[in-house]
Structures are given as C-alpha cells and as structure tokens.
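Notes follow once the structure below has been shown.
It should be emphasised that the depicted structure is a prediction, and the values quoted were computed from it without experimental measurement.
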Amino acid sequence: MLETSARLLRLLSLLQTPRDWTGTELAERLEVSARTIRNDVERLRALGYPVNATRGSVGGYRLGAGADLPPLLLDDEEAVAVAIGLRTAAGGTIAGVEETSLRALAKLEQVLPSRLRRRVNALQAYTIPVPRDQPGPRVDAGTLTVLTAACRDHEVLRFGYRSHDGSESVRKAEPYRLVNWGRRWYLVGWDLDRGDWRTFRVDRLTPRVPTGPRFTPRDLPEDVTDRVRRGVSAAAWRYRADVTVHASAEEVTARINPAVGTVEAVDADTCVLHTGADSIETLAVHLGLLNAPFRVTEPAQLVDYLRTLADRYRDATRV
C-alpha cells in the first residue's frame, strides 16, 4: 500500500485525466477503501485542488478549474512536449509571449529529471531552425485574446483596419474563427456593413473595446468556407498567379503545402493552381518543382521571369 503522500500524488495524477472517476474505481486503482479516497479528496481540496464530486449512479470525481492554478503532474512525454512548445513560442509570431514563455521554460527545466532535461537539451542543441525568407508579421497576444473571447462569446467586434493599400477604416463584424495560415493570422467573420463573409489580417487589425452586443451565430456554408480559404491564400502573398497545370488535381495537391495555395480541378488530367509568393523568383522556383507541364499567362512579371529562367537554364546546358 502506498504511503499517504505518494498516494495523494497518484490520486492527483488520475484526477488530472479528462474523465470522471467513481470512488470505487479510484479505490481499486490505489488499493484502498472508499473511505480513504474520500479523506484523500478532502486533503487535496485543502491543498487548493478543486476536486468536484457528483452523486448518483453516474456520479464521480473530476478535477475542476480553480481561482488559482495548482501544481500540475506531467508524465515524461507531456513534460517534454510542454518544454518544446514553450521554446517554440519564445521565437514565434505572437508578440508579448516571448519573455513569459522563457520564464515558464526556466521553471520547468529546473524541476525536470535529468533524463528528461537531457532529451530537451538535445533537441535544442541538435536542431537548427532555418530562417524564413522574409520575417512574417507579428501579432499582439492581447489582440488574439480579445478576438478569441469575442468568437467564443458571440459578441460583435468593432476594430480599426488597415487594408493592403494602406487605407484606414473602422469595421464592424461578427467574429467566428481565427485562422493561422502559414506565417499570418486571420479573423473570419461576417462583415455587418457589407453583408458578406470577410477575412481580415490580424496584424492589420486594432480591436476597439468594449465589444458590442451578442449576436446569434450564423451557419458557415461550405462554399463560403472554400472562398475564405482561397481568400486567405490570396491575401498571404504579394504576387499571385493562377497556373494551369497538366496533371490531375490529386497529383498537384499531393505535391504542394496547403499554405502555398489551392487546387481546382478542370478535368481528369488538368487543374488550376491558385498560388502566390512574396517574390517573383520564389514563385517561379515553386512552379518548377511541380514536376509537371504548366502554363502561366499572368502576372506579366512572372511570365517575363520564367522566360529569363528558361534562357538561363538553356545556356547552362550548352557544351
């Protein structure tokens, strides 16, 4: 039989799994009586852990949320995953969380067993992040918090917005989803002034608080979802192209990253790739990697650059 302190830790570990436990199940797991389980639950509550209990045939115990965050018990894989996540967040695209992530990581690494600390340090020492071709825009963590709360509570959102051409406006929308697409964040919502679905770049958005009244959520039709997805892909790049590819849509889809663009089938052997890049050079290279015949008619800069590349490659193979 486990000693009291060890038994409490084991009980806490069980309660932290997302399910309800009956007193009988806990007693069997810990090899103690139901009365001991009730006493141990009271001990955990005295230590600040909010253990909720429900009565009846389907009742049981579950760890709830409290006013303060109590200590958590993590298994080996969970601890390593949290450490990796914190290290990634410290260098991510959300401004305002770097220092907080590093503080939390320092606390976690201080108490990690040596075997786990070695695993985390090995990941850091032997993993080399490849710099992006251009830094992505960064969004404020507070802005994301306001937007997610408005989505959750179905509250109308007013915000200042800077469009692609730099013009400023005040927008009013019903917010529905935040989308992390590649290096950018987007808000998907129903634009109340335009009466249609719109996608807004979060780094160009400044929420105005307090938020507006609650709204009744609308259904998001599938065709609107596809349009939003295409709109996000289009808005992500400085240069856009609709490329006819002489291969099936399934083949092309398998060869590209979803963040690169979307594929529209024409027939069994032809499709249109809606894609883009931050530079004409990058766009041309990506098209060459499709490993399939393709045709481009616009933009003119891309057509001209592809001709330049064709001449350059031809000259490179002359004897």
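Between T216 and R214, every side-chain heavy-atom pair lies at or beyond the 4.5 Å cut-off. V303 has its side chain out of reach of T297: every pair of non-hydrogen atoms, C-beta onward, lies at least 4.5 Å apart. Counting only heavy atoms from C-beta outward, the side chains of F159 and K172 never approach each other to under 4.5 Å. Between R7 and V32, the closest side-chain pair of non-hydrogen atoms falls below 4.5 Å. The closest side-chain heavy-atom distance from P175 to F215 is below 4.5 Å. At least one side-chain heavy atom of L306 sits under 4.5 Å from a side-chain heavy atom of L302. Side-chain contact between L116 and V80: present, with at least one pair of heavy atoms (C-beta onward) separated by less than 4.5 Å.
Atoms OG1 and CH2, from T143 and W185 in turn, are 12.0 Å apart once rounded to the nearest 0.5 Å. One finds the CG atom of L63 at 11.5 Å from the CG atom of L14 (value rounded to the nearest 0.5 Å). Note that CG of L144 and SG of C151 are 10.5 Å apart. Values are rounded to the nearest 0.5 Å. In this structure, the separation between CG on L11 and CZ on R29 is 11.5 Å, given to the nearest 0.5 Å. Note that OG1 of T211 is 7.0 Å distant from CG of L157, once rounded to the nearest 0.5 Å. A distance of 8.5 Å separates CG in D219 from OH in Y176, rounded to the nearest 0.5 Å.
Ion pair R119/D76 not flagged as a salt bridge, since none of the NZ, NE, NH1 or NH2 atoms sits closer than 4.0 Å to an Asp/Glu carboxylate oxygen. Using a cutoff of 4.0 Å between basic side-chain nitrogens and carboxylate oxygens, E31 and R10 are not scored as salt-bridged. Looking at R312 and D315, no side-chain N of the basic residue comes within less than 4.0 Å of a carboxylate O on the acidic one, giving no salt bridge. Taking a cutoff of 4.0 Å between a charged side-chain nitrogen and a carboxylate oxygen, D191 and R171 qualify as a salt bridge. No salt bridge links R38 with D40; every basic N to acidic carboxylate O contact stays at or beyond 4.0 Å. A salt bridge links R201 with D203: at least one charged nitrogen is closer than 4.0 Å to a carboxylate oxygen.
Panel note: side chain T308, backbone D304; a donor-acceptor pair is recorded below 3.5 Å. Between the side chain of D140 and the backbone N or O of G142 there is at least one donor-acceptor pair closer than 3.5 Å. Judged purely by atom type and a 3.5 angstrom limit, T270 has no side-chain atom pairing as donor or acceptor with the backbone of H246.
The 12-atom threshold is not exceeded at CZ of R118, counting heavy atoms of other residues, nucleotides or ligands nearer than 6.0 Å. Within 6.0 Å of the CZ atom in R35, the count of heavy atoms belonging to other residues, nucleotides or ligands does not exceed 12. For R177, the CZ atom counts as loosely surrounded, since its 6.0 Å shell holds 12 or fewer non-hydrogen atoms of other residues, nucleotides or ligands. Residue E78 places its CD atom among more than 12 non-hydrogen atoms of other residues, nucleotides or ligands, all under 6.0 Å distant.
Donor-acceptor pairing under 3.5 Å is lacking for the side chains of E174 and H154. Of the N and O atoms on the side chains of E250 and T253, not one donor lies less than 3.5 Å from an acceptor on the other residue. No hydrogens or angles considered: nothing links the side chains of T36 and N39 as a donor-acceptor pair under 3.5 Å.
When each of T275, I256, V245 is checked for a side-chain contact (heavy atoms from CB on, under 4.5 Å) with V263, only I256 meets the rule. Among T262, L287, T244, the one residue that satisfies the side-chain contact (heavy atoms from CB on, under 4.5 Å) test with L273 is L287.
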Under the side-chain contact (heavy atoms from CB on, under 4.5 Å) rule, what do Y61 and T22 come out as? Steps first, then yes or no, please. CA-CA 6 Å; Y61 296 102; T22 66; over 6 Å; no
Derivation and outcome, ring pair (Phe, Tyr, Trp, His ring centres under 6.0 Å), residues Y186 and F200: CA-CA 5 Å; Y186 297 86; F200 304 97; over 10 Å; no
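Listed here is the closest heavy atom pair of S163 and R204: C-NH1, 4.1 Å.
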